[in-house]
Amino acid sequence: MPMNFLVFLGSVRDSTPPRPARLGLRVARACKGWLETDGHEVELVDPLAFDLGGSFKPQFSYPQGKAPVALDDLARRIEAADGYVMASPEYNHSMSPALAHLLNHFGSSLFSYKPSAIATYSAGQWGGARAAVNMRTYLAELGCLPVSAMIHVPRAQEVFEEEGGYLSGVDGDRWSDYLGRTLAQLVWWAEATRRQRREGSAERPAAFTRDPSQRNAP
């Protein structure tokens with residue numbers, strides 16, 4: 001059966017340098033395209049599409065039905081998804097502030113017991129690999145444990161065109177195999193966790209949904 005995935009873009013910048021603007025959109029679309037070719041339903045979540053206001057207030061902090069419509073809608077999509085791809089640039093050896101800011105608006109109970117895949121990129125030579133190390137801890141705490149393989153795309157502007165396809169002269173088969181190593185792991189775990197959520201006999205531990213005391217030792 002097809003899985004339902006969300007691909008989160010980790011940038012709100014639409015200015016230059018570096019060039020081209022919105023480089024991460026190419027990487028996110030490439031991941032989306034691979035999963036769609038594999039037969040899955042995929043939505044791209046762009047933080048630039050959300051007005052998160054000046055002060056931080058998570059979706060779960062609003063009274064029922066009082067959160068901004070866009071946040072409630074995304075909360076429903078997060079809860080319905082079988083897994084996630086997190087596409088992020090690197091900022092000071094860490095994940096994108098824009099990605100963390102968006103994800104922090106939602107409780108871990110929406111993401112929990114599902115897998116995620118890390119895809120980082122850069123306009124330079126490192127491909128955001130150092131940010132990926134930081135993202136493993138963050139995503140594990142969020143509840144959507146990252147699969148072991150990761151995607152790192154150095155000089156992404158020389159690999160992908162604007163819609164996520166491969167530029168002329170790029171070895172597309174090799175890059176598809178590279179993306180597939182991570183995304184196939186994501187699909188495998190998504191199938192397993194969905195089956196366990198629906199049919200498993202083991203009871204899931206209650207999620208942290210109210211206040212920090214739910215995590216306290218006796």
Audit row: H40, V187, side chain to side chain contact (heavy atoms under 4.5 Å, CB included) steps and yes/no: CA-CA 9 Å; H40 305 292; V187 171; 3.6 Å; yes

Worked check of side chain to side chain contact (heavy atoms under 4.5 Å, CB included) between L35 and V85: CA-CA 10 Å; L35 289 166; V85 178; 4.0 Å; yes

Do [X] and [Y] pair up side chain to side chain, a donor and an acceptor below 3.5 Å, judged on atom types alone?
X: T120; Y: E90; value: no
X: Y91; Y: N134; value: no
X: K114; Y: Y84; value: yes

Does a side-chain heavy-atom distance below 4.5 Å link [X] with [Y]?
X: Y121; Y: S11; result: yes
X: Y113; Y: C144; result: no
X: L167; Y: F160; result: no
X: V45; Y: M86; result: no
X: M135; Y: S116; result: no
X: K66; Y: Q64; result: no
X: Y178; Y: H152; result: yes
X: N104; Y: Y138; result: yes

Positive for side-chain contact (heavy atoms from CB on, under 4.5 Å) with L183, one of V147, D38, I151: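 Running side-chain contact (heavy atoms from CB on, under 4.5 Å) over V147, D38, I151 with L183 returns exactly one hit, I151.
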
Identified side-chain contact (heavy atoms from CB on, under 4.5 Å) counterpart of L48 within the set L25, L102, V12: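 Option passing the side-chain contact (heavy atoms from CB on, under 4.5 Å) with L48: V12.
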
In one Ile/Leu/Val/Met/Phe/Trp/Tyr side-chain cluster, 4.5 Å: [X], [Y]:
X: V170; Y: W34; result: yes
X: L103; Y: L52; result: yes
X: M95; Y: V153; result: no
X: F111; Y: F50; result: yes
X: L44; Y: L74; result: no

Are the charged groups of [X] and [Y] less than 4.0 angstrom apart, N to O?
X: D82; Y: R194; value: yes
X: K32; Y: E36; value: yes
X: E43; Y: R77; value: yes

Would one find more than 12 heavy atoms of other residues, nucleotides or ligands at under 6.0 Å from atom [atom1] of [X]?
X: R181; atom1: CZ; value: no
X: W189; atom1: CH2; value: no
X: N92; atom1: CG; value: no
X: W126; atom1: CH2; value: no

Within this structure, what is the [atom1]-[atom2] distance for the pair [X] and [Y], rounded to the nearest 0.5 Å?
X: S94; Y: R130; atom1: OG; atom2: CZ; value: 10.5 Å
X: S96; Y: R13; atom1: OG; atom2: CZ; value: 10.5 Å
X: L186; Y: E191; atom1: CG; atom2: CD; value: 10.0 Å
X: R22; Y: R29; atom1: CZ; atom2: CZ; value: 8.5 Å
X: L23; Y: T16; atom1: CG; atom2: OG1; value: 12.0 Å
X: Q157; Y: R155; atom1: CD; atom2: CZ; value: 8.0 Å

Taking all non-hydrogen atoms of both residues, which atom of [X] and which atom of [Y] are closest, and how far apart?
X: A140; Y: L145; result: O-CD1, 4.2 Å
X: A87; Y: L99; result: O-CD2, 4.4 Å
X: V27; Y: A156; result: CG2-CB, 4.0 Å
X: P89; Y: G10; result: CD-O, 3.3 Å
X: P154; Y: V159; result: O-CG2, 4.2 Å

Measure from the side-chain N and O atoms of [X] to the backbone N and O of [Y], and report whether any donor-acceptor pair falls under 3.5 Å.
X: E41; Y: P2; answer: no
X: T182; Y: L179; answer: no
X: E163; Y: G165; answer: no
X: S176; Y: D173; answer: no

H105 and F56 aromatic ring geometry - parallel, tilted or perpendicular at 30°/60° bounds: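 Correct class here is perpendicular.
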
Aromatic contact, F60 with F106 (centres under 6.0 Å):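 Ring centres of F106 and F60 not closer than 6.0 Å.
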
Derivation and outcome, side chain to side chain contact (heavy atoms under 4.5 Å, CB included), residues Q196 and R198: CA-CA 5 Å; Q196 179 66 9; R198 292 181 175 182; over 6 Å; no

